[in-house]
Amino acid sequence: MSAGGQSTLSYPVEVGVFDEAFLPDGSVRPLYEDLFSRIGEDGLDQLQGSVRVRLAERQVEFGPPHSRAAFGIDAVPRLIPAADWADLERGLIQRVRALNEFLADAYGERRVVSAGVIREELISEAMHYEPQLAAAGIPVQAEVAGPDLVRGPDGGFSVIEDNLRTPSGLAYAAVGRSVLDPGLESASTRPRSPEPAFEYLAEALRAKDPTGTGDPAIAVLTDGPISNAWYEHQELARRLDVPLVSPGDLREAGGRLRAATDQGAIEIDVLYNRSSTERLTLSGDRFTPLGEVLIEPLKNRTLACLNSFGTGVADDKALHCYVNELIRFYLDEAPALTNTRSYDLGNPDHFAKAIDRLDELVIKPRWTFGGQDIVIGPDTPFEKLKNLATSIRKSPERFIAQEMVMLSQHPTVVGNELSPRHVDLRPYVLTIGNEVKVAPVVLSRFAREKGDLIVSSTRGGGAKDTWILAP
């Protein structure tokens, strides 16, 4: 590293993309100068190798059992200045407050529909709408939100998804601090501890207490070793000091939820659902197997779930297109953190603005997640876009479109070199009673291949330890 922040590391800065660590002229951003002086010019592969060893020692894994591998964490952390984080916090708190107001309204009076802000079908036809909860008057709230943010070429952040059902990654985001070289930290780049995130989660679980004692019996629900995030489920249960149970362990008796554990039968007051079951009911008011066990304790108010079942109504990609309007409607405030410009193709006005521009937009099926079936218009052959347009015209309500955002890039270790990889940002926003807090921990995911814009872990993406710098 030479004087004045000019990097001697070979690193290709791309035109038209915001690079988190390098300026367009190839010099290091002042925020990263001290970090790169500590990384040095040689030994990147050894630095990354030490991270892999520490991850293996801690058995930090991700993926299905037949192909589970060590979770990938890059040796070069991402830095977020305190002032930027303060701005993000304000916007995230505002956003989650409005979305929880919407959930209460969607399962209640539906004032937002009467006022003409959204059409009624966005609630009644949403995949995750739970009519049984509405009929029973059971509150629906997202205590843990994990919105996905991207940074565009101008350096500004916007939200592409809100993730209000069972947002994952909190344990993976926190473990990075324990596997990176501690010698990278300095007085000017000292990150905040991620540990308060788990305190916030415990507070949110206790705040759901249906017993009123302030000391509910809590358990984490998992699908077990078949889950991609099995490591995380075990780690969360360990940190919360609560039992880890699977759907097969649960039964309803006397209006209470009980579970069989290695320590014997227990009663559960608050269930943290991290299983793949996100519905209580199926079409025709039929119950899922898990719903059959949970519905009576929920109706009897002897059980609370975090996140509540039914939060997916606010996680619907079509509803996402209106979050700016929801903030204005429920809070009477201007959005501090906005959406990436999005189009609900079931809305005729939105449809007209998007249908002839598919080659410029990102098109997403309304009810898929984790990057599944996303079509990036500029990278898609004409014939495929033509077929997609036909499908959209037949069932426009099944799709949304978003303006193309060239995700920011971050230097990432590839062999013994730094190479740019596109990244996103997933913070964790917790609702604790009437208070909303943003945890001081972020999962930054990066795409495995150069130029790839899909960063999902299920699609092979890795993660960066993200340093929220102290003021």
Side-chain angles (χ1 to χ4, degrees), residues 91-134 137-149 158-168 204 208 273 277-281 304-331 333 335-340 342-344 346-347 350 364-370 397-400 402 426-432 434 436-438:
L92 291 165
I93 288 170
Q94 178 195 60
R95 191 175 185 92
V96 168
R97 284 175 56 218
L99 286 167
N100 273 322
E101 290 279 354
F102 166 74
L103 284 169
D105 191 23
Y107 284 89
E109 299 177 4
R110 299 191 182 177
R111 295 180 292 112
V112 71
V113 174
S114 301
V117 178
I118 65 170
R119 62 186 192 280
E120 194 274 340
E121 305 93 271
L122 290 185
I123 299 174
S124 61
E125 295 180 4
M127 176 178 288
H128 293 92
Y129 177 66
E130 294 284 359
Q132 290 279 351
L133 300 184
I138 298 172
V140 174
Q141 186 177 60
E143 286 80 18
V144 183
D148 290 335
L149 283 69
S158 62
V159 183
I160 57 171
E161 292 186 1
D162 286 293
N163 297 317
L164 302 175
R165 291 166 298 126
T166 53
S168 63
K208 294 282 286 189
N273 180 29
T277 301
E278 298 176 333
R279 294 293 311 271
L280 292 173
T281 56
C305 293
L306 184 153
N307 282 345
S308 306
F309 285 88
T311 56
V313 174
D315 215 13
D316 191 309
K317 286 184 172 63
L319 193 281
H320 172 84
C321 301
Y322 301 92
V323 176
N324 292 343
E325 288 82 355
L326 298 183
I327 291 170
R328 295 185 180 96
F329 179 74
Y330 289 112
L331 305 182
E333 298 172 0
L337 181 63
T338 63
N339 288 358
T340 297
S342 303
Y343 304 95
D344 164 23
N347 178 322
H350 289 206
K364 298 180 178 182
R366 181 175 164 189
W367 295 302
T368 62
F369 300 92
E397 74 284 352
R398 294 174 48 219
F399 299 89
I400 73 157
Q402 291 181 322
R426 176 176 288 183
Y428 296 89
V429 189
L430 291 100
T431 298
I432 305 166
N434 295 320
V436 182
K437 296 181 179 181
V438 183

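Keep in mind that this is a model prediction, so the values were computed, not measured. Just so it is clear, the values below take in all heavy atoms, side chains as well, and ignore hydrogens, waters and symmetry mates.
- Residues Arg97 and Glu333 are in side-chain contact: their nearest non-hydrogen atoms beyond the backbone lie under 4.5 Å apart.
- No side-chain heavy atom of Met127 sits under 4.5 Å from any side-chain heavy atom of Asp316.
- Between the CD1 atom in Ile400 and the CZ atom in Arg366 there is a gap of 10.0 Å [rounded to 0.5 Å].
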Inset, instruction - Evaluate the criterion side chain to side chain contact (heavy atoms under 4.5 Å, CB included) for residue pair Gln132 and Leu280; output intermediate values, then yes/no. - result: CA-CA 8 Å; Gln132 290 279 351; Leu280 292 173; 5.9 Å; no
Inset, instruction - Could you give me the CA-CA distance, side-chain angles and deciding distance for Phe102 and Ile118, then say whether side chain to side chain contact (heavy atoms under 4.5 Å, CB included) is met? - result: CA-CA 11 Å; Phe102 166 74; Ile118 65 170; 3.8 Å; yes
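- Judged by distance alone, the side chains of Thr281 and Arg279 do bring a donor and an acceptor atom under 3.5 Å apart.
- Panel note: side chain Asn324, backbone Thr338; no donor-acceptor pair is recorded below 3.5 Å.
- Going from atom CZ of Arg111 over to atom CD of Glu101 covers 7.5 Å, rounded to the nearest 0.5 Å.
- Taking the six-membered ring for Trp and thresholds of 30 and 60 degrees, His350 and Tyr343 have ring planes more than 60 degrees apart, a perpendicular arrangement.
- The structure places CG of Leu92 at 12.5 Å from OH of Tyr428, a figure rounded to the nearest 0.5 Å.
- Nearest heavy-atom pair across Leu122 and Val313 is O-CG1, 4.3 Å.
- With rounding to the nearest 0.5 Å, the separation of CG in Asn339 from CD1 in Ile160 is 10.5 Å.
- Here NZ of Lys437 is found 10.0 Å from CD1 of Ile93. Values are rounded to the nearest 0.5 Å.
- At least one side-chain heavy atom of Val112 sits under 4.5 Å from a side-chain heavy atom of Tyr330.
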Inset, instruction - I would like to know whether Ser308 and Gln141 meet side-chain hydrogen bond (donor to acceptor under 3.5 Å, both in side chains); could you show each step before the answer? - result: CA-CA 6 Å; Ser308 306; Gln141 186 177 60; over 6 Å; no
Inset, instruction - With side chain to side chain contact (heavy atoms under 4.5 Å, CB included) as the test, would you mind laying out the steps for Val323 and Asp162 before giving the verdict? - result: CA-CA 9 Å; Val323 176; Asp162 286 293; 3.8 Å; yes
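- Within the 4.5 Å cutoff, the side chain of His128 has no heavy atoms near those of the Asp315 side chain.
- The two residues Ala336 and Gly91 make their nearest non-hydrogen contact at CB-CA, 3.8 Å.
- A pairwise comparison of heavy atoms in Asp344 and Cys321 identifies N-SG, 3.5 Å as the closest pair.
- Residues Asn100 and Thr431 approach most closely at ND2-OG1, 3.3 Å, considering heavy atoms.
- Side-chain N or O atoms of Lys317 include none that pairs as donor or acceptor with a backbone N or O of Phe399 at under 3.5 Å.
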Inset, instruction - Test Ile138 against Phe309 for side chain to side chain contact (heavy atoms under 4.5 Å, CB included), laying out the working first. - result: CA-CA 10 Å; Ile138 298 172; Phe309 285 88; over 6 Å; no
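- Residue Tyr129 comes nearest to Ala134 through the heavy atom pair OH-CB, 3.4 Å, listed as atom of the first residue, atom of the second, then distance.
- Here the side chains of Pro365 and Arg398 are not in contact, with every heavy-atom distance at 4.5 Å or above.
- Contact of the Val140 side chain with the Glu130 side chain is not registered, since no non-hydrogen atoms from C-beta on lie closer than 4.5 Å.
- Looking at heavy atoms from C-beta onward, Arg110 lies in side-chain contact with Ser124 at the 4.5 angstrom threshold.
- The distance from the CZ atom of Arg119 to the CD atom of Glu125 is 8.0 Å, given to the nearest 0.5 Å.
- Of the possible polar contacts, none joining the Thr311 side chain to the Ala142 backbone as a donor-acceptor pair under 3.5 Å is found.
- Considering only heavy atoms from C-beta on, Asn307 comes within 4.5 Å of Pro167 through its side chain.
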